[in-house]
A.B. asks: 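The structure that follows is given in the form of structure tokens.
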Number of protein chains: 2
Amino acid sequence: MNDSRSQAADEAQGDDGAAGIPRYVPLYVQIKRLLTQGLQAGEWKPGEAIPSEVELARRYGVSQGTVRKAIDELAAENLVVRRQGRGTFVATHHEARTQFRFLRLLPDDKGGEELGSRIIECRRLRAPVEVARILGLRAGEAVVCIRRVLDLQGQPTVLDEIWLPGARFRGLTAERLAAYSGPLYGLFEREFGTRMIRATERIKAVAADAATAELLGIDVGAPLLQVERVSSTYDDVAVEFRRGLYDTRRHHYFNELS
Amino acid sequence: MNDSRSQAADEAQGDDGAAGIPRYVPLYVQIKRLLTQGLQAGEWKPGEAIPSEVELARRYGVSQGTVRKAIDELAAENLVVRRQGRGTFVATHHEARTQFRFLRLLPDDKGGEELGSRIIECRRLRAPVEVARILGLRAGEAVVCIRRVLDLQGQPTVLDEIWLPGARFRGLTAERLAAYSGPLYGLFEREFGTRMIRATERIKAVAADAATAELLGIDVGAPLLQVERVSSTYDDVAVEFRRGLYDTRRHHYFNELS
DNA sequence: AAGTGGTCTAGACCACTTT
DNA sequence: AAGTGGTCTAGACCACTTC
């Protein structure tokens with residue numbers, strides 16, 4: 001090999017044996033970190049190709065197999081998409097493929113998946129304590145709160161309440177939302193440089209209150225699926241809290257266990 | 001290499017170019033299939049070690065790297081568990097680790113996870129049409145239906161209705177269930193040679209009916225999470241249909257999106 | 001010390017896409 | 001034809017576990 005290897009290789013190597021800190025970090029993990037940092041820094045934009053495996057191997061002074069293993073893991077985490085013969089591309093929310101990765105609601109009977117969105121409000125306010133805690137903000141810091149209704153197959157089906165850190169989403173207004181069609185995560189990615197990577201959801205069954213019943217056109221007290229989602233970007237920083245109320249009379253939340 | 005390679009390699013190679021049928025099947029995929037067949041046939045029992053990578057490479061006449069890639073995928077699908085320095089083991093439902101892979105219900109506030117089970121009934125009957133369809137049986141074929149209540153932290157929280165194909169679960173009785181403590185999937189695996197591998201769930205919010213309300217100690221009409229699960233073994237044959245009703249006042253269903 | 005999985009390399013060749 | 005990801009090999013060495 002080439003001497004430039006030591007630049008990459010020795011860098012993260014010096015971890016000591018303190019509790020929980022691994023003594024040896026495999027080379028491919030170090031390469032993976034470097035690539036993740038590049039993605040986070042926007043060195044390669046969503047939808048664009050990253051350098052080829054051969055090029056990266058040369059650049060970092062490691063073998064192609066090592067780069068390959070690093071990219072394999074990035075692909076498994078959906079940070080990147082491999083396309084044989086073409087290259088490896090930064091994942092993006094502007095794709096049909098990614099649409100149903102986060103909204104896991106399907107019609108009970110096969111049918112079209114027409115999806116309409118109606119913004120009810122979008123305002124900036126001081127973070128309630130619970131939201132501040134979840135988003136890692138100080139109580140009272142600025143947040144954006146969006147409320148909207150999603151229509152599936154012509155029926156109002158989802159009422160979403162979305163909380164975002166105000167600093168990161170400066171300039172997000174109702175007008176800007178209205179001017180955009182498509183998944184919100186696409187907007188966040190393109191306009192605010194914030195790409196949602198991972199999310200955890202907590203799901204409950206709740207009874208509809210009066211305001212919700214009105215918006216979804218259902219009875220007060222009707223059972224609704226409540227989906228609370230915390231989404232995060234690279235390095236697992238939480239940047240969105242979303243509470244969705246789903247009318248599941250004609251749709252269902254689907255999940256694969258494996 | 002060794003000539004025995006051709007035995008494994010040429011076997012699945014002859015696929016023609018018909019619609020959707022891949023022309024070339026990589027070697028490691030063929031090895032993976034052979035291993036899966038071995039698992040399915042019970043050549044290595046749950047909890048036991050499969051042969052070492054070197055041994056398998058020798059046996060199939062391929063390189064260790066190829067065997068390794070095959071096993072990597074089996075591990076990713078949770079069919080097998082790798083333990084460095086010890087070997088690769090057939091996954092089993094008799095492990096703390098696997099408990100919460102299928103029952104994804106957690107207490108809202110950190111607390112113990114005591115789990116009690118009470119069988120309400122277990123009877124054999126002719127399959128209702130819907131159940132028959134899901135399990136791939138002819139209408140009227142024998143099925144086993146189990147109903148039970150799960151207590152979480154001392155509170156009745158889950159009402160399960162479980163449907164199994166009668167032929168595969170011959171000899172499953174209420175007494176046998178009562179004599180067993182632990183996850184049902186452990187019993188199915190040990191006593192009936194049926195290991196649940198994958199499952200898909202459809203989740204809705206529903207209102208409690210009178211019978212359910214009685215059993216869970218809640219009000220009629222209270223919102224409940226309805227989780228319908230279809231579980232399958234190797235080769236994706238559906239072998240269980242389960243409808244669970246969860247009281248989510250103090251617990252939630254959790255999910256990771258990545 | 002011996003055996004297992006885990007990492008890394010260097011190089012060959014294949015399948016696929018674009019030029 | 002050239003470039004990309006995908007497969008496969010052979011061999012070295014490392015980390016971890018057991019004997």
Side-chain angles (χ1 to χ4, degrees), chain A residues 1-6 8-10 12-13 15 17 21-33 35 44 48-76 79-91, chain B residues 1-6 8-10 12-13 15 17 21-33 35 44 48-76 79-91:
Chain A
M1 282 78 318
N2 166 338
D3 266 349
S4 64
R5 164 177 175 168
S6 50
D10 298 340
Q13 198 75 270
D15 301 79
I21 297 179
R23 243 175 293 265
Y24 299 97
V25 179
L27 242 189
Y28 77 89
V29 174
Q30 301 174 44
I31 303 297
K32 184 183 168 191
R33 285 180 189 161
L35 292 172
W44 313 290
E48 289 181 7
I50 68 173
S52 76
E53 295 178 355
V54 193
E55 162 62 12
L56 288 171
R58 194 197 55 69
R59 188 180 299 185
Y60 295 129
V62 302
S63 82
Q64 183 181 350
T66 300
V67 168
R68 195 169 171 73
K69 178 144 187 177
I71 296 181
D72 276 345
E73 294 206 347
L74 294 179
L79 296 193
V80 117
V81 178
R82 314 189 81 131
R83 292 185 220 197
Q84 177 167 152
R86 300 185 51 200
T88 300
F89 299 79
V90 183
Chain B
M1 263 73 331
N2 167 337
D3 266 349
S4 64
R5 165 179 174 165
S6 51
D10 298 340
Q13 198 77 270
D15 301 80
I21 297 180
R23 242 175 295 266
Y24 299 96
V25 179
L27 242 190
Y28 77 89
V29 175
Q30 302 174 43
I31 303 297
K32 184 183 167 190
R33 285 180 188 161
L35 293 173
W44 314 290
E48 287 181 8
I50 68 173
S52 76
E53 295 179 355
V54 194
E55 162 63 15
L56 288 171
R58 193 196 56 69
R59 187 179 300 185
Y60 295 129
V62 301
S63 82
Q64 183 180 350
T66 299
V67 169
R68 194 169 172 72
K69 179 145 186 177
I71 295 181
D72 276 345
E73 295 206 347
L74 294 178
L79 296 193
V80 115
V81 177
R82 313 188 81 132
R83 293 185 222 210
Q84 175 168 138
R86 299 186 52 200
T88 301
F89 298 79
V90 182

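Here the structure is a predicted model, which is why all the values come from computation and not from measurement. Order of the sequence lines sets the chain letters (A, B, ...), proteins ahead of strands, with each chain counted from 1.
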A.B. asks: Measure the distance from CD1 on B/Ile31 to C1' on D/dT9 and round it to the nearest whole Å.
C.D. replies: 14 Å
A.B. asks: Would you indicate which nucleotide in C/dT7, C/dT4, C/dT9 comes nearest to any side-chain atom of A/Ser63?
C.D. replies: C/dT9
A.B. asks: Please name the pair of heavy atoms, one in B/Ala75 and one in B/Arg82, separated by the smallest distance, quoted to 0.1 Å.
C.D. replies: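 Closest approach of B/Ala75 to B/Arg82, heavy atoms only: CB-CG, 4.1 Å.
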A.B. asks: Output the rounded distance in Å from NZ (B/Lys69) to P (C/dT7).
C.D. replies: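 After rounding, the gap between these two atoms is 15 Å.
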A.B. asks: Rounded to the nearest angstrom, tell me the gap between atom CG in B/Asp72 and atom C1' in D/dC8.
C.D. replies: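 In whole Å, D/dC8 C1' and B/Asp72 CG are 14 Å from each other.
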A.B. asks: Can you measure A/Leu27 atom CG to C/dT9 atom C1' for me and round it to whole angstrom units?
C.D. replies: 11 Å
A.B. asks: Please give the nucleotide sitting opposite D/dC13 as a Watson-Crick or G-U wobble pair, both distances under 3.5 Å, or none.
C.D. replies: C/dG6
A.B. asks: Grab the two heavy atoms, one from A/Trp44 and one from A/Pro51, that are nearest each other, plus how far apart they are.
C.D. replies: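 Taking A/Trp44 first and A/Pro51 second, the nearest heavy atoms are NE1-CD, 3.4 Å.
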A.B. asks: Could you state the CD-P distance from A/Gln64 to D/dG3, rounded to the nearest angstrom?
C.D. replies: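 Distance check: A/Gln64 CD to D/dG3 P gives 14 Å.
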A.B. asks: Mind checking B/Arg83 for me? I need base, sugar-phosphate or nothing, with any heavy atom below 4.0 Å counting as a touch.
C.D. replies: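 Since only primed, P, OP1 and OP2 atoms lie under 4.0 Å of B/Arg83, the category is sugar-phosphate.
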A.B. asks: Any strand is fair game: report the nucleotide pairing with D/dT18 by Watson-Crick or G-U wobble, both distances under 3.5 Å, or none.
C.D. replies: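 When the pairing criteria are applied, C/dA1 turns out to be the nucleotide that pairs with D/dT18.
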A.B. asks: Side chain of B/Gln30, backbone of B/Val25: donor and acceptor closer than 3.5 Å?
C.D. replies: yes
A.B. asks: Atom OH of B/Tyr60 to atom C1' of D/dT7: distance rounded to whole Å?
C.D. replies: 19 Å
